[in-house]
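Throughout, a chain's letter reflects where its sequence line sits, starting with A, and its residues are numbered from 1. Because only heavy atoms are used, hydrogens play no part in the values below, and waters and symmetry mates are left out as well, while side chains stay in. Being a predicted model, the structure only gives us computed values, none of them experimental.
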Amino acid sequence: MIEISDVSKSYGRTAVLRGCTAAVKRGEVVVVCGPSGSGKSTLIKCVNGLVPFDSGAIRVDGVSVGDKATDLPALRARIGMVFQNFELYPHMTALQNVSLAQIHVLKRSRTEADTKSRQLLARVGLADKLASRPDQLSGGQQQRVSIARALAMDPQAMLFDEPTSALDPEMVNEVLEVMQALALDGMTMMVVTHEMGFAQRVADRVLFMDGGEILEDTPKAAFFAHPSTDRARQFLAKVLSH
Amino acid sequence: MNYRWNWEILLQEPYWSWIWSGLEWTLLISLSSWCVALVVGTLFGIARTASNRAVRAAADIYVGLFRNVPPLVQLFLWYSVFPEVLPEALGLWVKRDMPSPQFVTAAVAIGLFMAARVAEQVRAGIGAVGLRLLPAALATGLRPWQAYRLILLPLGLRAITKPLTSEFLITVKMSSIALTIGVLELTAESRHIENYTFQGFEAFGVATLIYLLLGLGVTGVMSLVDRYFGGDKLRRGDR
Amino acid sequence: MSSFDWGIIWREAPFLAHGMALSALLVVVATAGGLVLGVVLALMRQSSRSWLSVPAAGYVTVMRSLPLVLVLFWFYFLVPLALGRPVGALASALVAFVLFEAAFYCEIIRAGIASVRAGQTQAALATGMRQSQVFRLIVGPQALRAMVPLLLNQIIIVFQDTSLVYVVALRDFMTSASIVADRDGRPTEMYTIVAIVYFVICFSASKAVEIYQRVPAR
């Protein structure tokens, strides 16, 4: 579904990605972890072309992301993305947030789009918040709306960029539960997160990144039982100690 | 459009001296009104952050009055109306007998107008960095006026180096209205040359260039000063 | 000390009202024209093509470093020259105002667009929208909301700026009053009423903007 081969990127002289290679198969859940500044967010934003990369190739469902001839908007419409800071549109209600791209990108009628949005908002537990504006919702609720917004496009894969990092601790679980349900439904997911509990419960494989490199690409059980690099071991010791 | 270019005319007398003297008046008015604006504006700016209600209200009234009347009207009030409402002898002195009455009137009028704008900046600067630190300063036993003098004002002014630079450049531009009461500053002199020679491109062109260089020069120097003070960080509110 | 004749204000009211109409015309044209040109300049400055962005940036820098009085003189001289015939002060003042204020509107528009977080664009792009849709549906509306108070304040400043057409002897409100003041030797009465009228209009307008800003956006 997602094939990343030998992708590198630098801002001026600082290399943020060095020869990254990885793949996410259909129906697979891959968690990307690593210390901050390791390039995880950059990598996941390369997958749908939000951040251009310098060399290498990324193919999503067979389509080359870096190719100039690729219709990026059409590609992005098939991949959902959830951001660290939610990025709901502040001038619209929850329902409008979820319906907007359905209407303007998928050209669904407003009624059709709103029906779908209502179903999805109900599915993430927000049936009673349709008319609320983002600033009237808690962080956890906002993030659930933004998941519904991504699902509304019937995506073939979902990208999560630290979806719980900006949340107060008591709201983390409500978002993780929605993500877990999604994974159980068979959604293809690539998730950048520090939530190792989520990785242990849901992930098929774990990618560990540091200094712009993918140091480990291991099945979940192996990664947590005996990480093969020192840096991954140190990282795990730090995040699992509390 | 037929036009005969003659850039040499700017180097001929008397036009060359006209430009020079115009520039001198522009700088003189700008700098003197800036002094007025800084002193008066800082005082009212501090007053706008005061805890005393009456002091704050007085400063608000000053800013409200001076910001909501066009500067040209203010200049005419100072020039034509102010001497009329003074006792006769004093009024006559202001109008005629004080040294260069037009220049002094322009400097005061522009200075007091700009003071209202400076006051807003000072208030914003103190509000952004200083007020947070007031409790800490008072907790160390400083008296309020000491806290202002030693902490709030120095930090507040550093934080607004950039906005104050734009305010100064607005003062420079504003100095051109002095020509309406007969001060022959740069804009007036360029008009003067155009009237005499019909070489409008050259006359207004040189004035344009001088204002542009003044603006770029002052901005360049002040951004060095701002970097030295770390004004950027102060404005963002981190250490 | 001469005695004052406040009745002159009522006698000259129609003349002053005529002047105010011209001031209003200047504000309307300067704002409408300035906004249109300001949008064009802002789009040029945003452009990644340097042959568009550099001239626009240069234009804005030059206009913003000149006194309006000098710009009025420039176009009082240039417009008749460009058209090859005398056109009178009003036409050149209108051109000067539009071209001058456009630089300021451009910067307000840019500030409005810059106030929208980059993440909003990314989020919209990630749902498959095209650049034009992102601007029309997401960035534009939010930028507009952020810039409305700045635009309204700029209109108040433009209104104050119009008094400067005095230097090209155009009979706006201020200049009309000054004509009466000189003719009848009544500066105190005339300039006082001028100041009061400007104050009332600008003060109430800026209070209205403040109240607008305090009402949460809905």
Heavy atoms of other groups near C/Phe15 CZ, more than 12 under 6.0 Å: yes
Atom group of B/Thr219 that falls short of 4.5 Å from chain C, counting heavy atoms: neither
More than 12 heavy atoms of other groups within 6.0 Å of C/Arg171 CZ: no
Spacing of C/Gln160 atom CD and B/Leu72 atom CG [to the nearest 0.5 Å]: 11.0 Å
Residues, nucleotides or ligands: over 12 heavy atoms within 6.0 Å of C/Arg11 CZ: yes
Interface moiety of B/Ile170 toward chain C, non-hydrogen atoms closer than 4.5 Å: neither
Segment of C/Tyr166 engaging chain B (4.5 angstrom heavy-atom cut-off): side chain
From OH (C/Tyr76) to CZ (B/Arg191), nearest 0.5 Å: 6.5 Å
Interface residues of residues 203-214 of chain B facing chain C - heavy atom cut-off under 4.5 Å: B/Phe204, B/Gly205, B/Ala207, B/Thr208, B/Tyr211, B/Leu212
Close side-chain approach of B/Phe201 and C/Leu81, heavy atoms under 4.5 Å: yes
Under 4.5 Å from a heavy atom of chain B, the part of C/Ser206 involved: side chain
B/Trp16, CH2 atom: more than 12 neighbouring heavy atoms under 6.0 Å: no
Residues of residues 52-75 of chain C with any heavy atom under 4.5 Å of a heavy atom in chain B: C/Thr61, C/Val62, C/Arg64, C/Ser65, C/Leu66, C/Pro67, C/Val69, C/Leu70, C/Phe73, C/Trp74
Residue part contacting chain C, namely of B/Gln74, when any heavy atom lies under 4.5 Å: neither
Enclosure of B/Trp20 CH2 (heavy-atom neighbours >12, cutoff 6.0 Å): no
Closest-packed option against chain C by number of heavy-atom pairs under 4.5 Å, given B/Phe76, B/Phe198, B/Phe82: B/Phe76
Residue C/Arg183 excluded, over 12 heavy atoms near CZ under 6.0 Å: yes
Selection from C/Ala195, C/Gly84, C/Ser178 maximising heavy-atom pairs under 4.5 Å formed with chain B: C/Ala195
